[in-house]
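In what follows, residues are counted from 1 in the order of the sequence shown.
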Amino acid sequence: QVQLVESGGGLVQSGGSLRLSCAASGSFVGMNGMAWYRQAPGKERELVASITTGGKVKYVDSAQGRFSISRDNAKNTLDLQMNDLKPEDTAVYYCNAFAWFWSYWGQGTQVTVSS
């Protein structure tokens, strides 16, 4: 069964770091890449970082230089290293696997950054 399971969220102080992980299982036929999204209270869901099957990475401007997305193909996991966290990063973070005509989502993990 296709499944994305996230871990690593929590409470951190401003300037601190968190590492989110997403374990993928099942067959993701035709997958183009994976991504991390976030949705803060009162805001639209936002693409934070993505990585294609070819290894190309992309970050939202606000995360550029602070966040790093990576895949461990052997373990089939997707990670998001988040450094120098800011209160504005507070959101529910979602793991996503995408293709041209489908996408799968993790359950979401709460990241709260205190000032």
Side-chain angles (χ1 to χ4, degrees):
Q1 184 63 227
V2 172
Q3 189 170 257
L4 300 172
V5 180
E6 302 174 11
S7 62
L11 175 65
V12 66
Q13 293 180 330
S14 294
S17 299
L18 283 174
R19 188 176 185 89
L20 306 182
S21 294
C22 172
S25 62
S27 182
F28 295 81
V29 178
M31 184 176 66
N32 292 343
M34 300 185 74
W36 289 95
Y37 286 78
R38 67 187 179 191
Q39 188 163 25
K43 293 188 176 181
E44 296 180 352
R45 188 171 60 186
E46 174 186 45
L47 175 62
V48 179
S50 63
I51 182 168
T52 69
T53 55
K56 183 178 180 180
V57 299
K58 176 76 173 180
Y59 300 96
V60 66
D61 288 344
S62 60
Q64 185 71 47
R66 299 187 297 121
F67 292 8
S68 179
I69 189 171
S70 62
R71 285 201 67 189
D72 187 328
N73 292 326
K75 297 181 179 180
N76 207 25
T77 58
L78 176 74
D79 292 344
L80 183 68
Q81 178 66 45
M82 304 186 294
N83 298 323
D84 191 25
L85 283 162
K86 306 175 184 298
E88 309 92 87
D89 297 317
T90 295
V92 178
Y93 284 70
Y94 297 92
C95 177
N96 171 262
F98 60 92
W100 282 111
F101 299 109
W102 59 255
S103 65
Y104 291 95
W105 297 88
Q107 78 285 357
T109 184
Q110 177 70 50
V111 171
T112 303
V113 184
S114 64
S115 60

Report the distance from atom [atom1] of [X] to atom [atom2] of [Y], rounding to the nearest 0.5 Å.
X: Leu4; Y: Thr77; atom1: CG; atom2: OG1; answer: 11.5 Å
X: Ser50; Y: Asn96; atom1: OG; atom2: CG; answer: 9.5 Å
X: Ile51; Y: Lys56; atom1: CD1; atom2: NZ; answer: 12.0 Å
X: Asp89; Y: Thr112; atom1: CG; atom2: OG1; answer: 11.0 Å
X: Thr52; Y: Asn32; atom1: OG1; atom2: CG; answer: 8.5 Å
X: Leu80; Y: Met34; atom1: CG; atom2: CE; answer: 12.0 Å

- Can Asp79 and Arg71 be counted as an ion pair, charged N to O under 4.0 angstrom? no
- Item | Verdict with supporting geometry, Asp84 and Phe67, side-chain contact (heavy atoms from CB on, under 4.5 Å) | CA-CA 9 Å; Asp84 191 25; Phe67 292 8; over 6 Å; no
- Query: Heavy atoms, side chains only, cut-off 4.5 Å: are Ile69 and Trp36 in contact?
  - Reply: yes
- Message: Is any side-chain heavy atom of Ser70 closer than 4.5 Å to one of Arg19?
- Response: yes
Residue pair [X] / [Y]: nearest heavy atoms and the distance that separates them:
X: Gln3; Y: Val5; value: NE2-CG2, 3.5 Å
X: Ala97; Y: Trp102; value: O-CZ3, 3.5 Å
X: Ser17; Y: Asn83; value: OG-OD1, 2.9 Å
X: Ser114; Y: Ser14; value: O-OG, 2.6 Å
X: Thr53; Y: Met31; value: CG2-O, 3.2 Å
X: Gly30; Y: Ala99; value: O-CB, 3.3 Å

- Give the C-alpha distance, both sets of side-chain angles, the deciding distance and a yes or no for side-chain contact (heavy atoms from CB on, under 4.5 Å) between Val92 and Thr109. CA-CA 5 Å; Val92 178; Thr109 184; over 6 Å; no
- Message: Under 4.5 Å between side-chain heavy atoms, counting indirect links through other Ile/Leu/Val/Met/Phe/Trp/Tyr residues: same cluster for Val12 and Tyr93 or not?
- Response: yes
- Query: Do the side chains of Leu78 and Phe98 join up, straight or via other hydrophobic residues, at under 4.5 Å, putting them in one cluster?
  - Reply: no
- Query: Do Phe28 and Tyr104 have ring centres separated by under 6.0 Å?
  - Reply: yes
- Item | Thr90 vs Val111, side-chain contact (heavy atoms from CB on, under 4.5 Å): CA-CA, chis, key distance, verdict | CA-CA 5 Å; Thr90 295; Val111 171; 5.9 Å; no
- Message: For Gln39, I'd like to know if atom CD has over 12 heavy atoms of other residues, nucleotides or ligands within 6.0 Å.
- Response: yes
Counting only N and O atoms by type, is there a donor-acceptor contact under 3.5 Å from the side chain of [X] to the main-chain atoms of [Y]?
X: Glu6; Y: Cys95; answer: yes
X: Asn73; Y: Asn76; answer: no
X: Arg38; Y: Glu46; answer: no

- Message: As a quick check of understanding, evaluate side-chain hydrogen bond (donor to acceptor under 3.5 Å, both in side chains) for Arg45 and Tyr37, giving each step before the final call.
- Response: CA-CA 7 Å; Arg45 188 171 60 186; Tyr37 286 78; over 6 Å; no
- Message: Parallel, tilted or perpendicular, judged at 30° and 60°: which one describes the rings of Trp105 and Tyr94?
- Response: perpendicular
